[in-house]
Amino acid sequence: MDSLVQSVLKSSAEKESKYKTTEVVKDIEVDIDEGHLLAVDPNPLDIKLLRSERDSYLKALARNDTQLLINKIWELPVERVEDVIVAKLPEPRTVVPREKPLPKEKPMTKWTQYAREKGINKRKKGRMVWDETAKEWKPRWGYKRAGDDTKDWLIEVPDTADPYEDQFAKRIKAKKERVAKNELQRLRNIARNMKGKVPGVGLTPTDTPDKDDVSRALHLARKSTASLGKFTQELPKEKPAKHVGKKRKFEPMIGNFNEEKKRALDILNKITNKQPTLNITQATNQEIYTEEDQKRIGKGGRNHLEGKAEANKTGTGRASQKEKAGVEKAMVKRDEHPSS
Amino acid sequence: MLKKPLSVLYKKKNILRPFDDATSIEFFSNKSDAALFMFGSHSKKRPHNLIIGRLFDYHILDMIELGVEKFKSLSSFQTAKCPFGTKPCLVFTGEDFELNSEHQRLKNLLLDFFSGPKTKQVRLSGLEHIWHFTAAEGKIFWRSYRILMKKSGSRIPRIELEEIGPSLDLVIRRTKLASDDLYKRSRKQPKQAKPKKVKNVSMDAFGTKLGRIHMTKQNLDSLQTRKMKGLKRKSDEGAEDEEKMSRQINKLEKTWTQD
C-alpha cells in the first residue's frame, strides 16, 4: 500500500518537474469574459520592475493572464465539428455599444391591432391542402389553388337568381372585388402608418354597402370634376351629406358696417355687464344632481364616489357607466358655475 | 493594417481634425458604412497622434486621442505571425482599467475594435493571438503576442508567449466621450435578445443552484403507514362482532322453537 502511494507521488513529482504548471495565483481574481475572449486583471502592477525591465515584465504579466483565460476556455463544453475540436462560447457579458440604433418595430396594420386587442393568435397553416374533387394536393391560394370556384365547369342557378344572369362572370367579378378590397386595405394601412391623412374612399367593394357608404360615395363623385364640384347641380330634395367636413366661411372684408358694429358692441356688453348670464338647463341639471346626491347621503348608503369606483371595477353594466359619465359632467359643471 | 479584411484605408492627405469638426469622419463612416475609425496624424503641437473612435447612428460616440511615444512595427519582429482572421484574445491589466472612467471607456472601445467577429464557438487550437493592454504610470502599453501551447501533463496546455508586434507606448491626450444618456441609448439591447427569466430557480453566493417547488397540501389521511393487526380500525371490528352475536342468537332461537 505504502509503496503504491509513494510511486504515485513520485510520478506526479516527476511530471511537475518535467512540465511547468498551468496554475496561476493572483491576489484579486481576474475577471474573465469567455464570450469576448477577454480577461481583465485589476491587480496593481510592480512599478519598479516595469521601469527596469519593461518588456519581459509585461510579457510575464500577459502570460499569466492568458493562462488564466485559456484555463477558463478549456473548461467550456467542447464539440467536434469536422475533425476540429471547438469550444462553445457563452453569451458575452460585457456590453459593447451598438453600431446603429435598434430597428423600429414594424407598424401594426388595422387587423393586427384588432387581433391583439381581442387576443387572436396567428395559426400556422400549411401551404398545400388536399383537394377532394381533384384527389390531389394543391396550394391553398394562388395559381391552381384548391377549391377554386371560378374554375367550375358547371354552376347550378339558384332559384332566387335571375335566370339570364351569367353565374360564371359573377363569381369572377366577386373574386376580383375581394382582391381589390385587399389591395385597398393594404394601401390604407401604409397611409395610416405614414401619419398622413388617409384618403377618403369612394364605394368600397363590400358585399352590403350601407347608407353611409353610399352617401359618402355620392359626395365624392360630385366633387370629382375638373371644377371640384362647383357646378354640379343638386338633386331635388337632397339632404346635405353626412361625414363631410364643413368649410369655414368668412365675413366679407368690406361691406355691412352695421353688422360689424353690432358684433363689436355685443362683445363690449358681455365684458362690461357684471350680471352673470343664467344657463337654465345647466342650472336645473345641477339642482337635480345635488338633490339626488343629498338623498343618497341621507340614506346612509354609499356616496357617488363609491358608486363610481364600483362602476370602474365591474365595467360591464351600461347603466353604471352612464351614471359615471353623469357624475363627471356634473362635477365639471359645478366647477364652471362661479366663472359664468 | 491590423484588421485587414474588414477595413478600408483612406490615404489622401486631406486636412482633417476630428476633434474640431467631426463631419468629415461622419461622412466617411456613412460612405463605407463603418462604425469604427482610427485616424493618424502628426503636427508640431501633437506629434505622432492616433485617434481611435466609434460612431453610433453615423454620429460620433466616443473618440480618444493617443500620443505614440514608442513604436515598433510588425515587420521589425523576426517571428512567425498569425494568419488573417484569427479571433484574438484580449487582456487588460492595471488598476486604471477598473477605476478610471476614461480608461474604462478606452477599454470598451479597444474591445469593440479588436475583438473580431462575433462567434458562438471557437476552435481551441485556433486561439493564437493575444492583444495585451497595460495601463500604468499614465501610459498605455500595447503589446501583441502569439500563443504557443506547450504540454503541461494535463488536458489544459501550458501557455508561452512570443511577441510578434506591433508594440506601442501610448499617452492619452484629448478625449470626447459620449454623454451617459447617449451611451445608455447605444447600449440598448433588443427585447428578444435578453435571456428569458427562469422562475423559481436562483443561485446563491457560492454558485449552487437553488430551486423552489410549490406543492399541493399533503393529505395525511391517505398516508400509507406500517400495517399491523393491532392498528386495525376498531369500529369495523365491533360491528363484525355484533353481527356474529346476532346470528348465533337467531340460530339458538330457531332451535328452541323447533323443540
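Chain naming here is simple, since letters A, B, ... match the order of the sequence lines and numbering starts at 1 in each. Here the structure is a predicted model, which means the values were calculated and not measured.
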With a 4.5 angstrom heavy-atom cut-off, is it the side chain or the backbone of B:Thr119 that approaches chain A, or both, or neither?
both
Interchain contact, B:Leu61 with chain A, by part (heavy-atom threshold 4.5 Å):
side chain
Please determine whether the number of non-hydrogen atoms from other residues, nucleotides or ligands lying under 6.0 Å from atom CG of B:Asn200 exceeds 12.
yes
Among B:Lys72, B:Arg143, B:Lys70, which residue satisfies the salt bridge (Lys or Arg N to Asp or Glu O under 4.0 Å) criterion with A:Asp55?
B:Arg143
Is B:Ile130 in contact with chain A via its backbone, its side chain, both, or neither, using a 4.5 Å heavy-atom distance?
side chain
Measure the acute angle between the ring planes of B:Phe133 and B:Trp131, then classify it against the limits of 30° and 60° as parallel, tilted or perpendicular.
parallel
Would B:Asp57 and A:Lys100 pass as an ion pair if we require N to O under 4.0 Å?
no
Please flag which part of B:Ile156 lies under 4.5 Å from any non-hydrogen atom of chain A: side chain, backbone, both or neither.
both
Which atoms of B:Glu98 come close to chain A, meaning under 4.5 Å heavy atom to heavy atom: side chain ones, backbone ones, both, or neither?
side chain
Part of A:Asn71 lying under 4.5 Å from any heavy atom of chain B
both
Would you mind telling me which of B:Arg158, B:Arg155, B:Lys151 has the largest number of heavy-atom pairs within less than 4.5 Å of chain A?
B:Arg158
Take the angle between the ring planes of B:Tyr10 and B:Phe28 and call it parallel below 30°, perpendicular above 60°, tilted in between.
tilted
For A:Leu58, which atoms come within 4.5 Å of any heavy atom of chain B: side chain, backbone, both, or neither?
both
Establish, from distance only, whether the side-chain atoms of B:Asn108 and B:Arg105 form a donor-acceptor pair under 3.5 Å.
no
Counting heavy-atom pairs under 4.5 Å to chain A, which of B:Ala178, B:Pro157, B:Ser29 comes out on top?
B:Pro157
Which bit of A:Leu38 is near chain B, if near means a heavy-atom gap under 4.5 Å: side chain, backbone, both or neither?
both
Honestly, the part of B:Phe56 sitting under 4.5 Å from a heavy atom of chain A is both
Assert top hit (heavy-atom pairs under 4.5 Å, partner chain A, pool B:Lys184, B:Glu163, B:Lys120) equals B:Lys120
When the 4.5 angstrom heavy-atom criterion is applied to B:Arg185 and chain A, the contacting part is neither
Between A:Lys26 and A:Asp65, does at least one N-O distance fall below 4.0 Å, as a salt bridge requires?
yes
Does any non-hydrogen side-chain atom of B:Thr175 lie less than 4.5 Å from one of B:Met63?
no
Portion of A:Pro92 that has a non-hydrogen atom of chain B nearer than 4.5 angstrom:
side chain
With respect to chain B, which residue among A:Ala87, A:Ala60, A:Pro42 yields the maximal number of heavy-atom pairs within a distance under 4.5 Å?
A:Ala87
Could you give me the CA-CA distance, side-chain angles and deciding distance for B:Ser179 and B:Asp181, then say whether side-chain hydrogen bond (donor to acceptor under 3.5 Å, both in side chains) is met?
CA-CA 5 Å; B:Ser179 65; B:Asp181 180 42; 5.3 Å; no
Counting heavy-atom pairs under 4.5 Å to chain B, which of A:Glu79, A:His36, A:Arg54 comes out on top?
A:Arg54
Under a 4.5 Å cutoff for heavy-atom pairs, which residue among B:Thr134, B:Leu127, B:Leu111 has the most contacts with chain A?
B:Leu111
So for A:Ile85, is it side chain, backbone, both, or neither that comes closer than 4.5 Å to the heavy atoms of chain B?
both
Side chain / backbone / both / neither for B:Lys150 at chain A, heavy atoms under 4.5 Å
neither
Counting only heavy atoms closer than 4.5 Å, note whether B:Thr93 contacts chain A via side chain, backbone, both or neither.
both
Of A:Glu75, A:Lys88, A:Arg98, the largest count of non-hydrogen pairs under 4.5 angstrom with chain B goes to A:Arg98
Is B:Asp169 in contact with chain A via its backbone, its side chain, both, or neither, using a 4.5 Å heavy-atom distance?
side chain
Classify the side-chain pair B:Tyr183/B:Asp62 by whether it contains a donor and acceptor separated by less than 3.5 Å.
no
So, is the end of the A:Arg127 side chain (NZ or CZ) under 6.0 Å from the ring centre of A:Trp141 and within 45° of the ring's axis?
yes
Of the backbone (N, CA, C, O) and the side chain (C-beta and beyond), which part of A:Val84 lies under 4.5 Å from a heavy atom of chain B, both, or neither?
side chain
Could you look at B:Leu99 and say if it's the side chain, the backbone, both or neither that has a heavy atom under 4.5 Å from chain A?
neither
Proximal component of A:Val30, with respect to chain B [non-hydrogen, under 4.5 Å]
neither
Heavy-atom pair count under 4.5 Å with chain A, highest-scoring of B:Lys87, B:Glu162, B:Gln121
B:Gln121
Please determine if A:Asp46 and A:Arg51 form a salt bridge, counting it only when a charged side-chain N lies under 4.0 Å from a carboxylate O.
no
Side-chain donor-acceptor pair under 3.5 Å between B:Ser144 and B:His132, yes or no?
no
Contact between B:Ser115 and A:Leu37 at the side-chain level, heavy atoms closer than 4.5 Å - yes or no?
no
Contact part of B:Lys118 toward chain A, heavy-atom cut-off under 4.5 Å: side chain, backbone, both or neither?
side chain
Given a strict heavy-atom distance threshold of 4.5 Å, which part of B:Ala135 is in contact with chain A: side chain, backbone, both, or neither?
backbone
Do B:Phe114 and B:Trp142 have their ring centres less than 6.0 Å from each other?
yes
If you measure from the Lys or Arg side-chain nitrogens to the Asp or Glu carboxylate oxygens, is any gap between B:Glu65 and B:Arg173 under 4.0 Å?
no
Given heavy-atom pairs under 4.5 angstrom as the criterion, report whether the side chain, backbone, both or neither of B:Pro88 touches chain A.
backbone
At their closest point, which heavy atom of B:Glu128 faces which heavy atom of B:Pro83, and how far apart are they?
OE1-CD, 3.8 Å
